[in-house]
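Have a look at the structure below before the remarks.
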Amino acid sequence: MAVAPLSQKEIDDRLAELPGWSHDAGRLTRSYRLASHFAATALVIHVAQVQEELNHHSELTLGYNTVSLAVNTHSAGDAVTDLDFELARRVRDLAPAHGAH
């Protein structure tokens with residue numbers, strides 16, 4: 001199934017519903033700060049599970065008490081698509097359970 005790139009207006013409108021997420025260099029990006037490295041690691045595991053469920057994967061970076069994501073859709077010419085926003089929404093919904101902010 002082909003996935004269509006979103007326009008800049010569509011991206012901007014959808015970002016309004018995702019505080020903390022931004023559109024940078026053609027990707028959706030977000031970093032989360034957590035209380036401990038263990039909590040950050042647990043968040044990475046849960047994000048990886050969501051990515052497997054969606055069959056859509058971000059650049060996922062584990063740092064000291066931080067987790068960073070950057071995502072676009074390679075099959076759409078590295079553009080931002082609905083798939084990227086679905087992943088961002090799923091991460092947004094699960095991050096608070098890990099104490100992320």
Side-chain angles (χ1 to χ4, degrees):
M1 178 170 115
V3 181
L6 298 174
S7 70
Q8 186 61 52
K9 180 174 180 354
E10 290 171 313
I11 292 168
D12 293 341
D13 289 347
R14 292 175 190 204
L15 280 173
E17 300 170 9
L18 291 168
W21 285 85
S22 61
H23 182 229
D24 183 40
R27 302 179 299 174
L28 295 184
T29 62
R30 171 77 202 256
S31 290
Y32 289 95
R33 185 137 209 46
L34 293 102
S36 69
H37 187 67
F38 184 82
T41 302
L43 179 58
V44 166
I45 297 297
H46 286 109
V47 169
Q49 181 179 11
V50 167
Q51 292 180 142
E52 285 296 307
E53 290 170 9
L54 295 174
N55 192 28
H56 189 60
H57 302 84
S58 68
E59 292 180 25
L60 183 59
T61 306
L62 173 62
Y64 179 72
N65 297 0
T66 62
V67 174
S68 298
L69 296 96
V71 64
N72 60 17
T73 303
H74 303 296
S75 64
D78 294 329
V80 174
T81 70
D82 285 329
L83 283 172
D84 304 307
F85 276 96
E86 178 61 21
L87 177 59
R89 281 188 294 274
R90 297 274 302 269
V91 172
R92 174 206 59 200
D93 293 346
L94 89 100
H98 297 277
H101 54 279

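Because the structure is a prediction, the values reported are computed rather than measured.
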* Asked: Nearest 0.5 Å, what's the CG-OG1 distance between L69 and T61?
  -> 8.0 Å
* Asked: Is the closest side-chain heavy-atom distance between V67 and H98 below 4.5 Å?
  -> no
* Structure fact -> Grouping ILVMFWY residues whenever side-chain heavy atoms fall under 4.5 Å, the cluster of F38 otherwise contains none
* Find the distance between CD (Q49) and CZ (R90) and round it off to the nearest 0.5 Å. => 8.5 Å
* Taking the side chain as C-beta and beyond, is there a heavy-atom pair between T41 and L34 under 4.5 Å? -> no
* Find the distance between CG (L87) and OG1 (T81) and round it off to the nearest 0.5 Å. => 10.0 Å
* Structure fact -> Between S31 and S68 the two heavy atoms that sit nearest each other are OG-OG, 2.7 Å
* **Closest approach of L43 to A100 (non-hydrogen atoms, all atoms of both residues)** => CD2-CB, 4.3 Å
* Structure fact -> Separation between OG1 (T66) and NE2 (H37), nearest 0.5 Å, reads 9.0 Å
* To do: Just do the salt bridge (Lys or Arg N to Asp or Glu O under 4.0 Å) check on E17 and R14 with the steps written out, would you?
  => CA-CA 6 Å; E17 300 170 9; R14 292 175 190 204; over 6 Å; no
* **Side-chain touch V80/E10, heavy atoms, less than 4.5 angstrom** => no
* Asked: Does D13 come within less than 4.0 Å of K9, counting only side-chain N to carboxylate O?
  -> yes
* Going from CG on L83 to CG on L6, what distance comes out if it is rounded to the nearest 0.5 angstrom? -> 9.5 Å
Under 3.5 Å donor-acceptor pairs involving side-chain atoms of residues 19-26, not counting sequence neighbours:
| from | atom 1 | to | atom 2 | distance (Å) |
| --- | --- | --- | --- | --- |
| W21 | NE1 | Y32 | OH | 3.4 |
| S22 | OG | T29 | OG1 | 3.0 |

* Asked: Do you know the tightest heavy-atom contact between H57 and V71?
  -> O-CG2, 4.1 Å
* Asked: Do R30 and R92 come close enough that some side-chain heavy atom pair is under 4.5 Å?
  -> no
* Residues in salt bridge (charged side-chain N to carboxylate O under 4.0 Å, His left out) contact with D12, at least two apart in sequence or another chain -> none
* Asked: About how many Å separate CG of L54 and CG of D84, when rounded to the nearest 0.5 Å?
  -> 10.5 Å
* To do: May I ask you to decide if D78's main-chain N or O and N72's side chain share a donor-acceptor pair within less than 3.5 Å?
  => yes
